Asker: 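Sharing a structure, written as structure tokens. Questions coming.
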Number of protein chains: 2
Amino acid sequence: MTDKKYRTPDGYTADISVFTILTEELKAFTPPIMSLKIMLIKRADLTIEGDANIEAGKWALPGGFVQPDEDAYQAAERELTEETGITGIHMKHFGVYDKPGRDPRGWIISNAHYAIVPEHHLLKRKASDDADQVELFSVDEALQFDLAFDHKQIIKAAVSVITREILQTTAAKNFLPKEFTYSELQAVLSTVTKDSAILNEQAFARKIKALPFIELVEGKTTQRTSKKGAKLYRFNNMEILKPIYTARYN
Amino acid sequence: MTDKKYRTPDGYTADISVFTILTEELKAFTPPIMSLKIMLIKRADLTIEGDANIEAGKWALPGGFVQPDEDAYQAAERELTEETGITGIHMKHFGVYDKPGRDPRGWIISNAHYAIVPEHHLLKRKASDDADQVELFSVDEALQFDLAFDHKQIIKAAVSVITREILQTTAAKNFLPKEFTYSELQAVLSTVTKDSAILNEQAFARKIKALPFIELVEGKTTQRTSKKGAKLYRFNNMEILKPIYTARYN
DNA sequence: TTAACAATTATCATTTTGTTAATTATATAT
DNA sequence: ATATATAATTAACAAAATGATAATTGTTAA
């Protein structure tokens, strides 16, 4: 492939917007208060080869070049593991950023992925070596930084995609333990919506029993969120596609 | 960029799954019967340079290599215009196909896009020169062919994406004239759903008046679909995000 | 013993839906 | 001219879901 009739890119990378939903307050017998966080890394001053690094010192999305034997998805998985020690989580490709000029090093294509990481996986991260370069920020905080490359644009797109995914698919399961209470689910959903039918306790407690993709765990309760004890629910494997044309608007 | 520490792809392409919704039967004063179609091209025996073409004779998605001065999205737009003469339509990127081995010519990355083309734009296509190599097929037909490369997989993903988009966003507008009747909207939606609340006339006629993203065109009717004349509706620019957690299931 | 509190159930008026039927307006066939 | 067929639309009413507010339950901790 030497005499090419077409242009070849100068680099092919995979970036990952790692989201987690952190429990801000965790008191015994109390429903959690959660917030949506994104993981950023601070770019090093020097490359591994010892050269001055591009966009050094700026906060950026984790990611890196795709290796010869892998595709972008595998590269994203590998980078995520290297950065955080996390494996086997929910990750998806959601966009390509390939505008000429987006990276001063040349025509570098970024495959943007997002990942949903349950909170408890992050305990490992805290113990890892370069944890001082990796931080979680609320989305609002993150967007106020002077981020590297076009990462501000990528993050905005990722937030929009993940919001839609949490509300219109069963992706919330990736932020929850296998068995959860209604208030835990409510806490996850409330990080991305203000819908009163979800925020209102009574309405949501009634509704959860009618959702075909959630089932009650029979004869089992937890005191995680209440002294009285609360029923446990789990997602079954039903996937839902509800048209906006049949929803209620009032 | 000669001494690279990372692999560079052998080619960077953009493929487009062009969907249209064709009116199968169009009698005067009668609601249309529509079906979802995808556009395929038959790959030529020879390349422009006169060499034997890869995957020659097979049906494939339109697309081609990204040029040096454009990104994949612009390439998809350009290819679509070259193939069909269509401009200014709804097109989106939905996936990357970059598995090593997917293209025998090397490590060729495909950026998969889908486009939604209103029927009336296609009349131009019929008049174009190489129309004999371009055909519309129902999705079921298309998936039975021995398609080039991994295009079967790409098409399946595209259908899933477009179904979700038509039902959960206002993308149906791209298959309809600016002002449309309830039965025309119903015909579009029925190509991707069997939901009885949409298929049932009375229920849907009642519902359309309550949808916040659709408004009545005052004092204007059409006889396109009925001798009696039917009210006209239009989409306003409201975008909707309805959680599955607040929908009705019965 | 009691206050506090999350979870859950109860109540009831209001709204929406499912279902079936009736009405309307008009082109076409007779 | 008149009747017929047909799509759009409205009507009617029982059944179901929702909104709003209140009451009940079970447990810990003061």
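In what follows, every chain begins at residue 1, and chains take the letters A, B, ... in the order their sequences are listed. As the structure is a prediction and not an experimental result, all values here were calculated from the model.
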Asker: For the pair made of OH in A:Tyr233 and C1' in C:dT8, what is the distance, rounded to whole Å?
Answerer: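 Those two atoms, OH and C1', are 9 Å apart.
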Asker: Residues of residues 187-197 of chain B with any non-hydrogen atom less than 4.0 angstrom from an atom of DNA chain C: list those, numerically ordered, please.
Answerer: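 Correct list: empty, so none.
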Asker: What's the closest nucleotide to the B:Ser183 side chain, out of C:dT9, D:dT10, D:dA8?
Answerer: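 Nearest listed nucleotide: D:dA8.
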Asker: Report, as yes or no, whether the 6.0 Å neighbourhood of atom NZ on B:Lys92 holds more than 12 heavy atoms from other residues, nucleotides or ligands.
Answerer: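 Atom NZ in B:Lys92 is not crowded, with 12 or fewer foreign heavy atoms closer than 6.0 Å.
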Asker: From the list C:dA7, D:dA7, D:dT9, which nucleotide is the closest neighbour of the side chain of B:Tyr182?
Answerer: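 Taking heavy atoms from C-beta onward, the closest nucleotide is D:dT9.
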Asker: Are any of A:Thr225's side-chain N or O atoms less than 4.0 Å away from OP1 or OP2 of C:dA7?
Answerer: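 Result: yes.
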Asker: Kindly give the heavy-atom pair with the smallest separation between B:Tyr233 and B:Val217, and that separation in Å.
Answerer: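 Taking every non-hydrogen atom into account, C-CG2, 4.0 Å.
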Asker: Please give, in whole Å, the distance from C:dA6 P to A:Leu185 CG?
Answerer: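 About 18 Å, once rounded to whole Å.
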Asker: Fit a plane to each ring of A:His93 and B:His93, take the angle between them on a 0 to 90° scale, and name the class: parallel (under 30°), tilted (30 to 60°) or perpendicular (over 60°).
Answerer: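 Ring orientation, 0 to 90° scale: tilted.
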Asker: Assign each of B:Ala247 and A:Gln223 to its nearest nucleotide of DNA chain D by heavy atoms, then name whichever residue's nucleotide is nearer the 5' end.
Answerer: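 Checking each residue's closest nucleotide, the 5'-ward one belongs to B:Ala247.
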Asker: Hey, is the side chain of A:Lys231 poking within less than 4.0 Å of OP1 or OP2 on C:dT9, counting only N and O atoms?
Answerer: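 It does, given that an N or O in the side chain of A:Lys231 lies less than 4.0 Å from OP1 or OP2 of C:dT9.
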Asker: Do the rings of B:Phe213 and A:Tyr245 sit parallel, tilted or perpendicular, given the 30° and 60° boundaries?
Answerer: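 Perpendicular, since the angle between the ring planes exceeds 60°.
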Asker: May I have the distance from A:Phe204 (atom CZ) to C:dA7 (atom C1'), rounded to whole angstrom?
Answerer: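 Rounded to whole Å, this separation is 14 Å.
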Asker: According to ring-ring contact (aromatic ring centres under 6.0 Å, His included), who are the partners of A:Phe29, at least two apart in sequence or on a separate chain?
Answerer: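 A:Phe29: no ring-ring contact (aromatic ring centres under 6.0 Å, His included) contacts found.
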Asker: Of the nucleotides C:dA7, D:dT18, C:dT17, which has the atom closest to the A:Arg206 side chain?
Answerer: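 Output: D:dT18.
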Asker: Send over the distance from B:Glu184 CD to D:dA8 C1', rounded to a whole Å.
Answerer: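 Between C1' of D:dA8 and CD of B:Glu184: 13 Å.
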Asker: A:Tyr249 OH to C:dT15 C1': how many Å, rounded?
Answerer: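 Spelled out: OH on A:Tyr249 to C1' on C:dT15 is 17 Å.
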Asker: Do we get A:Lys242 above B:Tyr249's six-membered ring, with its NZ or CZ under 6.0 Å from the centre and within 45° of the axis?
Answerer: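 Yes, cation above the ring, under 6.0 Å and within 45°.
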Asker: If I take atom CD1 in residue A:Ile208 and atom C1' in nucleotide C:dT9, what distance separates them, rounded to the nearest angstrom?
Answerer: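 Distance, rounded to whole Å: 16 Å.
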Asker: D:dA30 pairs with which nucleotide, Watson-Crick or G-U wobble, both distances below 3.5 Å?
Answerer: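 When the pairing criteria are applied, C:dT1 turns out to be the nucleotide that pairs with D:dA30.
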Asker: Which part of the nucleic acid, if any, lies within contact of A:Lys209, taking any heavy atom under 4.0 Å across all strands shown: a base, the sugar-phosphate backbone alone, or nothing?
Answerer: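 Answer is sugar-phosphate: A:Lys209 comes under 4.0 Å of backbone atoms only.
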Asker: Answer yes or no: is there a donor N or O on one side and an acceptor on the other, between the side chain of A:Ser17 and the main chain of A:Ile155, under 3.5 Å?
Answerer: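 No; zero donor-acceptor contacts below 3.5 Å.
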Asker: Going by an N to O cut-off under 4.0 Å, is there a salt bridge joining B:Glu135 and B:Lys37?
Answerer: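 No, B:Glu135 and B:Lys37 are not salt-bridged.
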Asker: Counting the atoms with a prime plus P, OP1 and OP2 as sugar-phosphate, which does A:Arg248 contact under 4.0 Å by heavy atoms, base, sugar-phosphate, or nothing?
Answerer: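 Touches sugar-phosphate only.
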Asker: Assign the ring pair B:Phe145 / B:Phe137 to parallel, tilted or perpendicular, where the plane angle (0 to 90°) is split at 30° and 60°.
Answerer: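 Taking B:Phe137 first and then B:Phe145, their aromatic rings stand perpendicular (interplane angle over 60°).
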Asker: At under 4.0 Å between heavy atoms, which parts of nucleotides 21-26 of chain D does protein reach? Answer with one letter per nucleotide, 5' to 3': B base, S sugar-phosphate only, - none.
Answerer: BB--BB
